[in-house]
Amino acid sequence: MKNKFSKISKKKNKSKIICLTAYSKNIAQIIDKHCDIVLVGDSLGSVLYNYKSTRSVTLDMMIEHSKSVRMGIKKSLMVVDMPHNTYRNTSEALRNAKAIILKTKCDAVKLEGGKKIYHIIKKLIKNKIPVMGHLGVLPQSAKNFKAKGKKIVERNNLLKDAKILEELGVFSIVLECVESSLAKEITKTINIPTIGIGASVHCDGQVLVTDDLIGLNLIKVRFVKRFINITKQINTAIIKYKYEVKNKKFPKKINSY
Ligand code: KIV
């Protein structure tokens with residue numbers, strides 16, 4: 001397992017780190033071959049459950065989805081988001097992180113925040129729980145989703161937070177909606193990989209929500225690129241199926257007993 005982490009660290013300044021989300025076995029087993037990291041993101045709250053924010057996602061939901069994802073992963077490093085209100089203090093964080101690791105057999109957990117959660121991350125790492133950081137827009141606490149790092153104070157704080165996370169020993173940091181030149185500066189300054197989402201080409205890697213990338217979740221946000229419209233393809237297949245059932249072309253003899 002240590003090997004998986006060092007493989008990712010070694011990619012810094014060499015080749016891009018590919019990260020995607022999965023919420024189920026079926027998607028996980030498709031993306032596993034292509035990814036370095038598969039993230040069970042708490043974005044599942046809005047993508048699958050239509051929640052207004054990720055704040056309503058529970059630990060149980062994360063664990064159940066992660067158990068399914070685990071079955072689809074052979075090679076990628078699997079990271080699970082610790083949902084909102086599951087790491088309010090060190091003992092709660094440790095108990096819940098241990099439960100996530102034990103029940104889902106994931107490799108690491110991801111937590112949102114920098115200096116503010118210093119003691120929480122320190123506790124987890126001291127207890128040998130690998131942690132991925134998350135800075136910039138933090139959906140679990142964000143009041144808005146405006147890009148971060150346009151104001152000088154914000155820039156300084158974000159850079160400081162990145163250095164703090166590095167010192168604490170997180171193995172990489174997701175930068176969400178971080179202004180391009182700041183993402184570049186953070187990536188140059190720290191020695192651990194940055195994984196961007198809406199944070200420019202300058203990060204060491206990129207993450208997207210798979211459902212957005214394939215057009216299963218039809219949202220329009222600046223940082224998402226839809227590489228295929230799978231919704232269209234599913235529609236075409238269902239129309240064909242409906243036609244064949246109605247016209248007694250399916251099931252055929254070979255589909256029957
Ligand atoms: O929840 C999630 O999917 C995430 C990624 C978008 C980074 O945190």
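Order of listing sets the numbers, starting from 1, for every ligand and every atom in it. All values below come from the heavy atoms of this structure, side chains included, with hydrogens, waters and symmetry mates left out.
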Open item on the list: Taking the six-membered ring for Trp, are Tyr49 and His65 closer than 6.0 Å centroid to centroid?
Closed with: yes
Open item on the list: Among residues at least two apart in sequence or on other chains, which ones pass side-chain hydrogen bond (donor to acceptor under 3.5 Å, both in side chains) with Thr21?
Closed with: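 Partners of Thr21 by the side-chain hydrogen bond (donor to acceptor under 3.5 Å, both in side chains) criterion come out as none, since no residue qualifies.
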Task: side-chain hydrogen bond (donor to acceptor under 3.5 Å, both in side chains) partners for Arg70, two or more places apart - done: none
Ligand 1: which protein N/O atoms lie under 3.5 Å from its N/O atoms?
{"from": "ligand 1", "atom 1": "1 (O)", "to": "Asp42", "atom 2": "N", "distance (Å)": "3.2"}
{"from": "ligand 1", "atom 1": "1 (O)", "to": "Asp42", "atom 2": "OD1", "distance (Å)": "3.1"}
{"from": "ligand 1", "atom 1": "1 (O)", "to": "Ser43", "atom 2": "N", "distance (Å)": "3.0"}
{"from": "ligand 1", "atom 1": "1 (O)", "to": "Ser43", "atom 2": "OG", "distance (Å)": "3.3"}
{"from": "ligand 1", "atom 1": "1 (O)", "to": "Asp81", "atom 2": "OD2", "distance (Å)": "3.1"}
{"from": "ligand 1", "atom 1": "3 (O)", "to": "Ser43", "atom 2": "OG", "distance (Å)": "2.5"}
{"from": "ligand 1", "atom 1": "8 (O)", "to": "Lys110", "atom 2": "NZ", "distance (Å)": "2.8"}

- [ ] Using distance alone, with no hydrogens and no angle criterion, decide if Ser91 and Asn89 have a side-chain donor and acceptor under 3.5 Å apart.
- [x]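 Result is yes, a qualifying pair exists.
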Task: Check: Tyr87 main-chain N/O paired with His84 side-chain donor or acceptor under 3.5 Å - done: no
Side-chain donor-acceptor distances from residues 73-82 under 3.5 Å, at least two apart:
{"from": "Lys75", "atom 1": "NZ", "to": "Asp32", "atom 2": "O", "distance (Å)": "2.9"}
{"from": "Lys75", "atom 1": "NZ", "to": "Cys35", "atom 2": "O", "distance (Å)": "2.5"}
{"from": "Ser76", "atom 1": "OG", "to": "Asp32", "atom 2": "O", "distance (Å)": "3.0"}
{"from": "Ser76", "atom 1": "OG", "to": "Asp32", "atom 2": "OD1", "distance (Å)": "2.7"}
{"from": "Ser76", "atom 1": "OG", "to": "Cys35", "atom 2": "O", "distance (Å)": "3.1"}
{"from": "Asp81", "atom 1": "OD1", "to": "Lys110", "atom 2": "NZ", "distance (Å)": "2.7"}
{"from": "Asp81", "atom 1": "OD2", "to": "Asp42", "atom 2": "N", "distance (Å)": "2.8"}

